[in-house]
Undergrad: 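This is the structure I want to talk about, given as structure tokens.
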Amino acid sequence: MKKYNPQKIEKKWQKVFETKKLFNVKSNAKKKKEYILVEFPYPSGDGLHVGHCRSYTGLDIISRKKRMQGKNVLFPIGWDAFGLPTENYAIKHGIHPTVATKKNTDTFRRQLKSLGFSFDWSREVNTTDPEYYKWTQWIFLQLFKNGLAYKDKIAINWCPSCKIGLANEEVVSGKCERCGATVEKKEKEQWMIKITKYADRLIKDLDNVNYLEKIKIQQRDWIGRSDGAELEFKISCGLPPAPPKGRGDGLWGDVPGYLTTDAKTWRLLQEEAVKMRKNPTKAEKKLWEKLRTNRDYHFRRQQIIDKFIVDFVCLSKKLVIEVDGDIHDSKKERDQERTKILENFGFKILRFRNEEILNNTDYVIKKIVSTLETLPFGKGEGWAVEDSVKVFTTRADTLFGCTFLVVAPEHDLIKKMKDKIINWQEVKQYIEESRNKSDLQRQDQKEKTGIEVKGIKAINPANKREIPIFVADYVMANYGTGAIMAVPAHDERDFEFAKKYNLEIIRVIANKEKVRSIVWRDISKEEFAKIGIDVIEEVEINHNGKKVVMSKVEFLENKIEEFEKLIREKMPIGVWNEYVGPSGIIFNFKDKDEKISRHILSSENWEEIDKLCYEFFHEKLVDNNWKPKNVWKWLAEAENSFYKDIIIHSEYGILENSENFSGMISQEARDKIIEFVGGKKSVNYKLRDWVFSRQHYWGEPIPLVFCEKCGWQAVLEKDLPVELPKVKNYQPTDNGESPLSAITKWVNVACPECGGAARRETDTMPNWAGSNWYFLAYTFAKNGKYNWNNKDIEYWMAPALRSPKGGGGVDWYNGGMEHTTLHLLYSRFIFKFLWDIGAVPKSIGSEPYMKRTSHGMVLGEGGIKMSKSKGNVINPDTVVKDFGADTLRIYEMFMGPFDQAIPWDTKGVIGSRRFLERIYNLVIKLSSYQVIKSEKNDELESLIQRTIKKVSEDIEEMRFNTAVSALMILVNAFSEEMQKNPASPRLRRASIRDLLLLLSPFAPHLAEELWQEMKFKGLACQQSWPKFDEKLVVEEKVLLIVQINGKVRDKIEAKSGLSQKEAEELVSNSEKIKTWLEGKAVRKVIYVPNKVINIVI
RNA sequence: GCCCGGGUGGUGGAAUGGUAUACACGAUGGACUUAAAAUCCAUUGAUCGAAAGGUCAUGCGGGUUCGACUCCCGCCUCGGGCACCA
């Protein structure tokens, strides 16, 4: 008997496919087209990877099936042949890259052909073919002419040892991929493409295509649109600083901006001023409330001017407001003297009495405002608002919680304010340090760093509070405005920074309905349980050797009242309790007289509460050295951050501590606050413009010429392509220029505009340039000729039934996830651009790919990536030689889900080979029968129908593994029948026919061979795809599962389609079930026809 | 840290609310053979039992349901992508 010999069979049929040009297609308006695309390979010297084989086999199966379903299928292939490995090879061996490329593509072509893929080889494209890159250059010129290409100086990755600019992907953890030297930053002029102009469309149009959801998600994330607002923060200068050391005594009045006294006095006064600020009188408190929220003028309180502390001052207008208590004559005299001195400095003084302020506030304010209006703004002395900074934020709703401003080291504010910054040396040093850090170092540093810019302050536009300004490299110069408003309570990064530099934290968004508290252990678990609160943990706190047990509780908002009642009742004297919840952070203090005071922590009273906590704490545990400086921060860090996620969180919620906006929800407050402070809504993207220059030889030359007189000029379209000149040396030059710059003959040209002396651009294009449009090239490529042809484009890219919103494009594009954010995004952008300028027909829509799927990697044995260094590379040639191409195809489809990474298993390959052998032996045997008896075999018939259904559906859903498994089951059933009735198996010729047709996309060579052996007419791959009979798909007999309380107790064979009554009757006859039901009452019966009957007892 | 996938026998995996472990590999035993390979047959989640049969198993812990690998909540873990993007 004949033996399965794949080597012979496969060569034979590949010849047939090739000579008959079976898979070459033409535009044909009468036939429905189907354009199926796989990513064209980079023809590396290593040859085809088994991973290529897997993804190409999958799409080959789909193409073959569609062809059998009557579609005019375009399934093309080509070479993405520009690339570094080839250039490196050229450098090393002095062989021209064209030669190496030819050698590699020949290998790839041979390998692909040996696998029997149904590519249309007449449309093969090669990106390095000048005829091809003429169009790549043409596209660049259109970008240039439409203002989408521009030159910009940006930092590139520079390898000091290879003296070459590296692409990001050539940098492996901060080192040069080739020589291992540490990569540096170098500023260089680069061609950039304005992809950001298309950012919105690239997001929006994802709704119109049928990509895998994860691909859409990755693209959206990569583009990273954030909707926010730009807010303006005024910058004020001249905050009276402590005089620097060494300036000694003496008046500072002559130094602009520092109208203060000698250092010693200043420090004493400053201490006093802080005390006064903390203990304002009633009148001062009331007036301050009004003044600090004044939107037009900025006031300070307890400000030091010369030797005096004035109560309130508006520095930009030089207006001092003094609040007096009872007036004695002696005081009056001193006040007069003081007024005189201040007036000498140019201040105007307004005085009010306590009762005036308390009883007639409106009058006082009116008076102040009208006085302010008559005064001119101060100039040159640095007391006024000097400048402003814009920040970008998506969380304007948290503006009241903004307690400092951070700018990137590169921000111009620093340069502009240089004269006003009093710690300039430190700031300068920090900026220089961070400039020298590489991206890697910046990423690696765990702790945020930064430095306060002293001498200038920002004014929070919402509450007019003065806040400090920092420079820190956690803020990036090239995103948003390069400056941020820091809200430590609602941003992790800002919190981290605030913690490190001890900055104020104010919670302005309440958190959900959760309430948490750490309770002094005088209340038992049982007492909490009574009011429905569980103690989640008991913690022992060590205070100077004393162990104190506390209970952590968490409950919902509706329990607050009961909780607070319990706490107030049970708390011992001299203790406080705080709880954190949506209604705020609430403190209850019980003092010596058992008087309970209750405080809601706010931006107004935190210092007071801080002090109270400290005092209470000390009364209890005298020796403890706990000195809180900020009660918010203390809470956020208390007991392993128990409160942290309620205080410090980034979710939306209900506003608090936000003046008139308190109580609003974030979404609403966001818009209102933007309006309130006069901000402007704005949008930012993570996506950056595309760096299009490479300093390499082996790429498409950028077709531009620089003329001293005319500037950058496009090469005339008739002069395209600008071919790569032949060079002897591919080594890059010392100065970071591309190797092309050394070829003066090529570089020097006449200016296309004025005809004068000019120089060519010597940078080349990146790898993605050629792959931007290759799917268009396929539609009109013919034997190495590329005649851009809108008719062909229109036919192959026309909208098909599959498109969800009527757009056209490639019908099905499969590729790796690693190309989702680069190639896929770039080519979508370029296609949109071509569509916009009318370079492709409008009728096909502005999306190039209608459907995009992805394949998983083939890993080496043991589950690690295949690599030469690990020695676990599987060469498809070896597999084809040892097992055959059909076996390789079947195995790679069967190994697991198509989109999942699966390790190669050489032992597993044998199973696929055995499967094919089994089919071969079976069919050969059957072919020798004179007549195949067609006695009826209902079970097998039904199985065939079900298999047709399953295989058809599985191919469409790329579930190739289960499709192969279904074929195996069918073949096993055939074998079983052969064994049962070897002389006259109940198999019809039509059954064999169906089997071979189903097999043919998977194992095309074997299917054709057996098709011939069975003497069927024509070729299997040209037959119609089998159809199934819906009626026959249903099995006649089913196995009914009988469950009792959901557990399987019996399986009964039954006719399909039984009614519940019939089923129950059938079940009641079962002996097994009878014993289970003995003496039990049946409560309920659930019946799922043809599947399960569940008796509940 | 964030986003996206996974976690099921010795192994690759199947089953998207209804028989968990299809299909295949491997392993063990057997047939054929001088022998080996190939092929064919049988067994193959664990456990108790002589058997009939029972019990337990889909990363862990809860929940919904007559019934959960599948749905919901909380965690652990592996892989991939992004990474201070305000």
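All values reported here derive from a predicted model rather than from experimental measurement. Keep in mind that the numbers below use all heavy atoms, side chains included, and drop hydrogens, waters and symmetry copies.
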Undergrad: Base, sugar-phosphate alone, or nothing: which one does A:Lys1051 contact when heavy atoms must sit under 4.0 Å apart?
TA: base
Undergrad: According to side-chain hydrogen bond (donor to acceptor under 3.5 Å, both in side chains), who are the partners of A:Arg828, at least two apart in sequence or on a separate chain?
TA: A:Gln219, A:Glu847
Undergrad: I want to verify a distance call: between B:C25, B:G81, B:A86, whose nearest atom is closest to the A:Gln218 side chain?
TA: B:G81
Undergrad: With a 4.0 Å cut-off on heavy atoms, is A:Trp1076 in touch with a base, just the backbone sugar-phosphate, or nothing at all?
TA: sugar-phosphate
Undergrad: Let me spell it out: for each of A:Gly896 and A:Asn972, pick the nucleotide of RNA chain B with the closest heavy atom. Which residue's pick is nearer the 5' end?
TA: A:Gly896
Undergrad: Return the value, rounded to whole Å, for the distance between atom CZ of A:Arg913 and atom C1' of B:A24.
TA: 16 Å
Undergrad: Does A:Asp899 come within less than 4.0 Å of A:Arg959, counting only side-chain N to carboxylate O?
TA: no
Undergrad: Distance between the P atoms of B:C23 and B:G45, in whole angstroms?
TA: 13 Å
Undergrad: Under 4.0 angstrom, heavy atoms only, what part of the nucleic acid is A:Gln900 near: base, sugar-phosphate, or nothing?
TA: sugar-phosphate
Undergrad: Both distances below 3.5 Å, Watson-Crick or wobble geometry, any strand: find the nucleotide opposite B:A46.
TA: B:U55
Undergrad: What is the distance, rounded to the nearest whole Å, between atom NZ of A:Lys1091 and atom C1' of B:A20?
TA: 15 Å
Undergrad: Using the C1' atom as the reference point in each nucleotide, state the distance between B:G18 and B:U65 in Å, no decimals.
TA: 12 Å
Undergrad: Taking the side chain of A:Ile910 as heavy atoms from C-beta outward, which of B:G13, B:G53, B:C25 is closest to it?
TA: B:C25
Undergrad: Please state how far atom NZ in A:Lys925 lies from atom C1' in B:C40, giving the value in whole angstrom units.
TA: 11 Å
Undergrad: Using side-chain contact (heavy atoms from CB on, under 4.5 Å) as the criterion, list what pairs up with A:Glu1053, not counting sequence neighbours.
TA: A:Lys1037, A:Leu1039
Undergrad: In this structure, how many angstroms lie between the C1' atom of B:G1 and the NZ atom of A:Lys644, rounded?
TA: 11 Å
Undergrad: Round to a whole Å and report the spacing from NZ of A:Lys216 to C1' of B:C82.
TA: 21 Å
Undergrad: Just to be sure I understand the rule, does A:Lys1084 reach a base, reach only the sugar-phosphate, or reach nothing, if contact means heavy atoms closer than 4.0 Å?
TA: sugar-phosphate
Undergrad: What interatomic distance, in whole Å, is found between P of B:G1 and the corresponding atom of B:G9?
TA: 28 Å
Undergrad: Quick one: do A:Lys681 and A:Asp671 make a salt bridge, cutoff under 4.0 Å?
TA: yes
Undergrad: Nearest to the A:Phe894 side chain among B:C25, B:A24, B:C82, which nucleotide is it?
TA: B:A24
Undergrad: Keeping the roles fixed (side chain from A:Asp491, backbone from A:Asp494), state whether a donor-acceptor pair exists under 3.5 Å.
TA: yes
Undergrad: So what does A:Ile1086 touch, heavy atoms closer than 4.0 Å: a base, only the sugar-phosphate, or nothing?
TA: base
Undergrad: Where does B:G9 land, syn or anti, given syn is within 90° of 0?
TA: syn
Undergrad: Remember a base hit wins even if backbone is also touched, and classify A:Pro903 as base, sugar-phosphate or nothing at under 4.0 Å, heavy atoms.
TA: nothing
Undergrad: Could you say whether A:Val1096 or A:Ala483 is positioned toward the 5' end of RNA chain B, judged by the nucleotide with the nearest heavy atom to each?
TA: A:Val1096
Undergrad: Passes ring pair (Phe, Tyr, Trp, His ring centres under 6.0 Å), A:Phe894 versus A:Phe915? Steps please.
TA: CA-CA 11 Å; A:Phe894 183 62; A:Phe915 166 60; 8.2 Å; no
Undergrad: For B:A22 and B:A38, measure between their P atoms and round to the nearest Å.
TA: 24 Å
Undergrad: Rounding to the closest angstrom, what is the interatomic distance between B:G63 and B:A68 at atom C1'?
TA: 11 Å
Undergrad: Using a strict cut-off of less than 4.0 Å between a Lys/Arg side-chain nitrogen and an Asp/Glu carboxylate oxygen, indicate whether A:Lys448 and A:Glu496 qualify as a salt bridge.
TA: yes
Undergrad: Tell me: CD of A:Gln1043 to P of B:G17, nearest whole Å?
TA: 16 Å
Undergrad: In whole Å, what separates the P atom of B:A52 from that of B:U58?
TA: 25 Å
Undergrad: Just checking A:Phe404 against A:Tyr501, ring centres under 6.0 Å apart?
TA: no
Undergrad: Using the side-chain heavy atoms of A:Val1048, tell me which of these nucleotides is nearest: B:A86, B:A20, B:G18.
TA: B:A20
Undergrad: Measure CZ/A:Arg225 against C1'/B:A86 and give the value in whole Å, please.
TA: 16 Å
Undergrad: Paired with B:U64 by Watson-Crick or G-U wobble geometry, both distances under 3.5 Å: which nucleotide is it?
TA: none
Undergrad: Expressed in whole Å, how much space separates the C1' atoms belonging to B:A20 and B:G7?
TA: 16 Å
Undergrad: Could you work out which one of B:A24, B:A86, B:U39 sits closest to the side chain of A:Arg914?
TA: B:U39
Undergrad: Indicate, with a heavy-atom threshold strictly under 4.0 Å, whether A:Arg220 touches base, sugar-phosphate, or nothing.
TA: nothing
Undergrad: To the side chain of A:Gln979, which of B:A86, B:A24, B:C41 is closest?
TA: B:C41
Undergrad: Would you say the side chains of A:Gln945 and A:Ser942 form a donor-acceptor pair under 3.5 Å?
TA: no
Undergrad: Taking RNA chain B as the partner, which of residues 959-971 of chain A come within under 4.0 angstrom of it by heavy atom?
TA: A:Asn961, A:Thr962, A:Ser965, A:Met968, A:Ile969
Undergrad: Does any nucleotide pair with B:A35 by Watson-Crick or G-U wobble geometry, both distances under 3.5 Å, and what is it?
TA: none
Undergrad: Base, sugar-phosphate alone, or nothing: which one does A:Ile1095 contact when heavy atoms must sit under 4.0 Å apart?
TA: nothing
Undergrad: Could you please name the option among B:G26, B:A86, B:C66 that lies closest to any side-chain atom of A:Asn1094?
TA: B:C66
Undergrad: Look at all strands and tell whether A:Asp494 reaches a base, only sugar-phosphate, or nothing, counting heavy atoms closer than 4.0 Å.
TA: nothing
Undergrad: Kindly say whether the aromatic ring centers of A:Phe883 and A:Tyr891 come within a distance under 6.0 Å.
TA: no
Undergrad: Grab the NZ-C1' distance between A:Lys1047 and B:G53 for me, whole Å please.
TA: 14 Å
Undergrad: Do you see a donor-acceptor pair shorter than 3.5 Å between the side chains of A:Ser388 and A:Glu232?
TA: yes
Undergrad: Taking the P atom in each of B:U8 and B:A14, what is the distance between them to the nearest angstrom?
TA: 11 Å
Undergrad: Tell me what A:Thr821 touches on the nucleic acid: a base, only sugar-phosphate, or nothing, going by heavy atoms under 4.0 Å.
TA: nothing
Undergrad: As a test of reading the structure: which of B:U19, B:C25, B:G12 is closest to the side chain of A:Ile902, going by heavy atoms?
TA: B:G12
Undergrad: Under a 3.5 Å limit for both distances, which nucleotide forms a Watson-Crick or G-U wobble pair with B:G10, could you say?
TA: B:C25
Undergrad: A:Ile217 side chain: which of B:C4, B:A86, B:G13 is closest?
TA: B:C4
